[in-house]
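Order of the sequence lines fixes the chain letters, A, B, ..., with proteins taken first and strands second; residue numbering starts at 1 for each chain. Only this structure's heavy atoms are used, side chains among them; waters, hydrogens and symmetry mates stay out. Because the structure is predicted, anything quoted here is derived from the model rather than measured.
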Amino acid sequence: MTTIAWDPTELTDWFAAEARPLPWRAPGVTGWGVLVSETMLQQTPVNRVAPIWQEWLERWPRPSDLAAATQAEVLRAWGKLGYPRRALRLHQAAAAIAADHGDVVPSDVDTLLALPGIGAYTARAVAAFAYGRRAPVVDTNVRRVVARAVHGAGDAGPPSTKRDLADVDALLPSDDASAARLSAALMELGQVVCTVRSPACERCPIAADCAWQHAGRPAYAGPPKKVQKFAGTDRQVRGKLLDVLRGAEGPVPRAALDAVWQDAGQRDRCLDSLLVDGLLEQTDDGRFALPGEH
DNA sequence: CACGCGTGGGA
DNA sequence: TTCCCAAGCGT
């Protein structure tokens with residue numbers, strides 16, 4: 001795509017008027033605040049993130065503050081947001097930012113990409129939303145909006161970072177501020193209007209220019225999406241094991257963990273993988289604890 | 001590139 | 001109830 005599919009001002013005007021007042025969008029939120037929000041929002045809904053984000057920014061207002069906390073404190077504060085490895089990586093990133101970047105979250109995409117837990121999406125989201133940089137921000141919502149509005153498809157096919165970035169890059173105006181606003185607007189549109197199940201096309205600011213509308217809103221025709229199981233998987237067992245540790249005051253005996261899952265083989269495998277991932281540690285007397293608290 | 005990685009809410 | 005999913009990342 002080499003041409004802009006619609007007038008970006010239709011979308012940015014809509015965003016200026018309709019954007020939800022999310023806490024990390026408030027005036028004065030730092031790059032650190034944005035990085036924390038983007039990390040928590042990876043695969044976790046806004047409603048569950050908001051209260052935890054508030055707690056984190058009050059408790060750890062700068063990267064160096066988080067870096068000074070123990071891993072156990074960080075994992076408890078993460079609570080049940082899910083995918084707790086994100087919390088450890090954010091902790092590591094905070095230490096690197098404090099040590100190597102003057103305690104200020106970098107604004108450059110490549111520098112951000114070098115930090116643990118920051119990938120193609122998060123690096124560009126921080127550059128655009130925190131620092132007003134021109135960066136193609138591609139998440140699942142933006143991919144869906146582009147698939148529909150630009151390509152006329154019912155939904156996005158399997159992700160391809162290179163192609164997806166190029167698609168969105170072609171839509172962005174050349175100047176930083178306008179591009180950053182459009183990036184935010186594209187995401188918001190996908191989240192609140194151009195949704196997976198029941199898109200509210202009657203409320204869409206770009207419906208008149210939408211290729212999917214013009215094509216008669218055809219159903220998604222790509223390969224079927226993979227649906228990941230949860231019940232009975234190692235992910236569920238790991239979650240149960242970690243939940244015991246989050247709720248404990250300190251190290252717990254193996255017997256306390258044996259109680260959460262019947263299948264001993266799977267239980268032990270998960271315990272091992274948690275140790276390998278650094279989400280658990282074993283004490284000298286054989287008990288288990290969150291890392292760094294004994 | 002496909003897969004594994006938590007959790008809880010809504011259809 | 002069961003299924004689908006919600007601002008991805010690292011391997």
Side-chain angles (χ1 to χ4, degrees), chain A residues 15 19-20 22-25 33-53 75 78-90 92-93 112-130 135-146 155-165 168 183-192 194-198 220 223-246 260-261 266 269-270 272-274 276-280:
Chain A
F15 181 70
R20 295 163 297 168
L22 303 175
W24 40 89
R25 288 176 175 168
V34 173
L35 174 57
V36 172
S37 75
E38 293 301 340
T39 302
M40 289 180 170
L41 287 164
Q42 293 167 5
Q43 302 288 280
T44 303
V46 166
N47 289 342
R48 274 200 286 152
V49 164
I52 306 294
W53 181 87
L75 287 170
W78 191 259
K80 307 196 80 168
L81 287 183
Y83 294 144
R85 295 187 297 186
R86 290 181 292 166
L88 293 185
R89 292 187 182 127
L90 184 54
Q92 294 165 1
L112 286 160
L113 283 170
L115 295 167
I118 300 186
Y121 163 76
T122 303
R124 291 172 178 82
V126 169
F129 304 154
V137 177
V138 181
D139 75 331
T140 183
N141 296 296
V142 172
R143 287 180 0 88
R144 183 174 56 256
V145 169
V146 170
D155 200 350
S160 161
T161 302
K162 186 173 164 150
R163 177 176 50 72
D164 296 339
L165 284 174
V168 176
S183 290
L186 284 167
M187 279 191 61
E188 185 83 349
L189 188 72
Q191 286 154 15
V192 305
C194 193
T195 58
V196 181
R197 294 245 175 70
S198 49
Y220 172 68
K225 312 264 182 183
K226 313 252 180 182
V227 180
Q228 61 176 2
K229 299 291 185 209
F230 178 68
T233 64
D234 286 4
R235 250 170 33 260
Q236 182 183 22
V237 179
R238 285 164 55 106
K240 285 179 176 294
L241 292 170
L242 267 189
D243 199 40
V244 172
L245 272 296
R246 279 194 301 263
V260 305
W261 198 253
Q266 186 178 20
R269 180 174 73 243
C270 290
D272 283 345
S273 73
L274 288 169
V276 168
D277 288 348
L279 286 162
L280 286 187

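- A:L35 has its side chain within reach of A:T39: a pair of non-hydrogen atoms, C-beta onward, lies under 4.5 Å apart.
- Note on A:W24: a base of the nucleic acid sits closer than 4.0 angstrom, heavy atoms only.
- At whole-Å resolution of the value, CG in A:L279 and P in B:dG4 are 18 Å apart.
- Across all strands, A:T39 comes closer than 4.0 Å to no nucleic acid atom at all (heavy-atom distances).
- Atom CG of A:D139 is separated from atom C1' of C:dG8 by 9 Å (rounded to the nearest Å).
- Under 4.0 Å is where a charged nitrogen must lie from a carboxylate oxygen, and between A:R269 and A:D272 no such pair does.
- The distance between atom CD of A:Q236 and atom P of B:dG8, rounded to the nearest whole Å, is 11 Å.
- You'll find the side chain of A:W24 stays beyond 4.5 Å of the side chain of A:M40, heavy atoms only.
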Legend entry - Pairing annotation in dot-bracket form, given for DNA chain B with Watson-Crick or G-U pairs under 3.5 Å and | for cross-strand partners: .||||.|||||
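- A:L90 comes within contact range of no nucleotide atom at all, as no heavy-atom separation falls under 4.0 Å.
- A:P116 comes within contact range of the sugar-phosphate backbone alone, with a heavy-atom separation under 4.0 Å but no base atom that close.
- Across all strands shown, A:N47 has no heavy atoms under 4.0 Å from either base or sugar-phosphate atoms.
- A:L90 has its side chain within reach of A:V36: a pair of non-hydrogen atoms, C-beta onward, lies under 4.5 Å apart.
- Residue A:R246 is in sugar-phosphate contact alone, with no base atom involved, counting any heavy-atom pair closer than 4.0 Å across all strands shown.
- The backbone N or O of A:G82 sits nowhere less than 3.5 Å from a side-chain atom of A:R48 that would complete a donor-acceptor pair.
- Counting distance only, with no hydrogens placed and no angle test, the side-chain atoms of A:R48 and the base atoms of B:dT7 include a donor-acceptor pair under 3.5 Å.
- Dashed line: the shortest gap from a side-chain N or O of A:R235 to OP1 or OP2 of B:dG4 is not under 4.0 Å.
- In terms of modelled atom types and a separation under 3.5 Å, the side chain of A:D164 and the main chain of A:S160 share a donor-acceptor contact.
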Pairwise N/O distances under 3.5 Å, protein to nucleotides 2-5 of chain C:
none

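- Counted by atom type alone, A:Q191 and A:R20 present one or more donor-acceptor pairs between their side chains at under 3.5 Å.
- Look at CG on A:L189: it is 12 Å from P on C:dA7, rounded to the nearest Å.
- Only the C1' atoms considered, C:dG10 is 24 Å distant from B:dG8, to the nearest whole Å.
- Rounded to whole angstrom, the span from the CZ atom of A:F129 across to the P atom of C:dA7 amounts to 12 Å.
- At the heavy-atom level, A:P84 lies under 4.0 Å from the strands shown only through sugar-phosphate atoms.
- With rounding to whole Å, A:K240 atom NZ is found 17 Å from B:dC5 atom C1'.
- A donor-acceptor contact under 3.5 Å links the side chain of A:Q191 to the base of C:dA7.
- Contact annotation for A:G119: backbone-only contact, meaning every heavy-atom pair under 4.0 Å involves sugar-phosphate atoms and none involves a base.
- The side chain of A:T122 places an N or O atom within less than 4.0 Å of a non-bridging phosphate oxygen (OP1 or OP2) of C:dC9.
- Listed pair A:Q42 / C:dA7 fails the phosphate criterion, with no side-chain N or O lying under 4.0 Å from OP1 or OP2.
- Nearest to the side-chain atoms of A:R85 among the listed nucleotides C:dA7, B:dG6, B:dC5 stands B:dC5.
- Nucleotides C:dT11 and B:dC1 are separated by 11 Å at their C1' atoms, to the nearest Å.
- A:R163 comes within contact range of no nucleotide atom at all, as no heavy-atom separation falls under 4.0 Å.
- Between the P atoms of C:dA7 and B:dG4, the separation comes to 22 Å (whole Å).
- Using a 4.0 Å heavy-atom distance criterion, A:R89 is classed as a sugar-phosphate-only contact.
- When heavy atoms are screened at a 4.0 angstrom cut-off, A:L81 is found touching base atoms of the nucleic acid.
- At the heavy-atom level, A:T140 lies under 4.0 Å from the strands shown only through sugar-phosphate atoms.
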